[in-house]
Amino acid sequence: MRFLARLVILALLSALGHLLLLWLWNPHEAVPPPRQLVITSPASAEEITLLFGGDTALTDAATPTLLRNGYEYPLAPTLQLLREAHLSVVNMEAPVATQDTPFPLYKRWVYRMEPAGLEALKWAGVDLVSLANNHLMDHGVPGLRATLDHLARENMASVGGGLSGAAARRGVVVTVGDTRIGLLSYMEDSFMHSLYMRSFAWG
């Protein structure tokens with residue numbers, strides 16, 4: 001029983017230390033006004049369609065199939081849904097880069113998507129990608145920088161990631177017809193993500 005009590009106390013102290021460290025190293029930071037994105041497709045004032053997709057990464061075990069059939073192949077079954085929605089958003093679960101600069105410590109899954117994957121997402125009708133996830137930093141700052149460069153090249157909007165805390169926390173306001181939609185993107189905190197992997201944008 002004493003061992004269990006000590007374990008609980010240790011866990012509580014670790015959690016408090018974690019929160020204190022985050023508070024000390026993550027001060028409040030001024031965030032710029034949200035980016036503005038205007039969707040030019042016609043939209044009825046009465047009804048618009050928003051589509052949100054979960055973890056999306058054209059890479060890893062799918063790579064042989066993608067190389068054989070094209071990066072558009074897995075998106076074909078949902079193509080009509082993606083293109084007909086006035087706003088289509090997916091969580092892009094991998095950095096976009098042509099070079100490997102993998103995380104230097106142990107990490108079970110390390111992803112990287114070729115630029116062709118991002119091109120396919122745009123082709124399919126994805127308007128905006130969320131970057132706040134546990135794989136954005138799989139290739140460190142070089143991978144993040146490459147991702148942002150490729151997104152800019154494709155003229156695709158993103159939310160939830162950036163080269164500074166302010167940039168990562170900056171929202172997006174999407175205007176569809178007469179409707180404005182505000183989007184923010186965050187990832188759940190954990191010791192692994194905030195300290196070990198540095199997936200969070202600290203101040």
Side-chain angles (χ1 to χ4, degrees), residues 26 29 31-37 39 51-63 66-67 70-75 82 87-174 183-190 192-203:
N26 208 13
E29 190 168 358
V31 177
R35 295 180 186 90
Q36 302 293 322
L37 175 64
I39 302 294
L51 183 148
F52 292 92
D55 296 355
T56 304
L58 302 175
T59 185
D60 199 43
T63 300
L66 296 169
L67 293 175
Y71 279 81
E72 296 82 5
Y73 174 75
L75 300 166
L82 285 163
L87 173 64
S88 293
V89 182
V90 300
N91 177 49
M92 196 168 72
E93 190 78 353
V96 181
T98 56
Q99 300 293 321
D100 282 324
T101 53
F103 184 71
L105 303 175
Y106 171 76
K107 190 174 189 297
R108 187 175 180 187
W109 308 112
V110 177
Y111 298 145
R112 177 178 64 80
M113 187 167 71
E114 291 289 336
L118 183 61
E119 292 167 15
L121 291 177
K122 183 164 185 182
W123 166 85
V126 174
D127 301 296
L128 184 144
V129 296
S130 165
L131 300 178
N133 59 67
N134 60 310
H135 286 288
L136 177 65
M137 298 302 292
D138 278 3
H139 290 265
V141 174
L144 170 59
R145 197 181 300 277
T147 300
L148 297 173
D149 288 345
H150 286 294
L151 285 166
R153 210 165 287 140
E154 289 297 322
N155 197 26
M156 184 176 283
S158 65
V159 63
L163 291 171
S164 70
R169 293 177 177 90
R170 189 179 184 189
V172 174
V173 171
V174 183
L183 295 169
L184 297 171
S185 181
Y186 291 91
M187 182 178 72
E188 182 182 10
D189 184 18
S190 78
M192 287 289 289
H193 295 151
S194 58
L195 298 180
Y196 181 75
M197 289 167 44
R198 289 297 304 271
S199 296
F200 279 87
W202 288 14

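Just so we're clear, the structure is a prediction, and the values are computed from it rather than from any experiment.
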Results of side chain to side chain contact (heavy atoms under 4.5 Å, CB included) for A168 - residues two or more places apart only
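Only A201 meet the side chain to side chain contact (heavy atoms under 4.5 Å, CB included) criterion with A168.
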
Which pairs, with at least one residue in residues 90-100 and sequence neighbours excluded, count as a salt bridge (Lys or Arg N to Asp or Glu O under 4.0 Å)?
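Passing the test, one end in residues 90-100: D100-R112.
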
Side-chain touch L163/L148, heavy atoms, less than 4.5 angstrom
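The answer is yes, as the side chains (C-beta and beyond) meet within the 4.5 Å cut-off.
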
Test item: T59 and E114 side chains (from C-beta on) under 4.5 Å apart, heavy atoms:
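Side-chain contact under 4.5 Å: no.
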
Within the distance-only criterion (no hydrogens, no angle test), does the side chain of [X] pair as donor or acceptor with the backbone N or O of [Y] below 3.5 angstrom?
| X | Y | result |
| --- | --- | --- |
| N91 | G53 | no |
| T101 | H139 | yes |
| T147 | V96 | yes |
| K122 | E154 | yes |

Nearest-0.5 Å distance that lies between atom OG in S158 and atom CG in D127
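Reported to 0.5 Å precision, the distance equals 13.0 Å.
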
Quick check: closest heavy atoms across P74 and L58, and the distance to 0.1 Å?
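For P74 versus L58, the nearest heavy atoms are CG-CD2, 3.7 Å.
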
Counting only heavy atoms not in Y73, do more than 12 sit closer than 6.0 Å to its OH atom?
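Open.
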
Run the side-chain hydrogen bond (donor to acceptor under 3.5 Å, both in side chains) test against D60 and tell me which residues pass, sequence neighbours left out.
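For D60, no residue satisfies side-chain hydrogen bond (donor to acceptor under 3.5 Å, both in side chains) once neighbours in sequence are set aside.
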
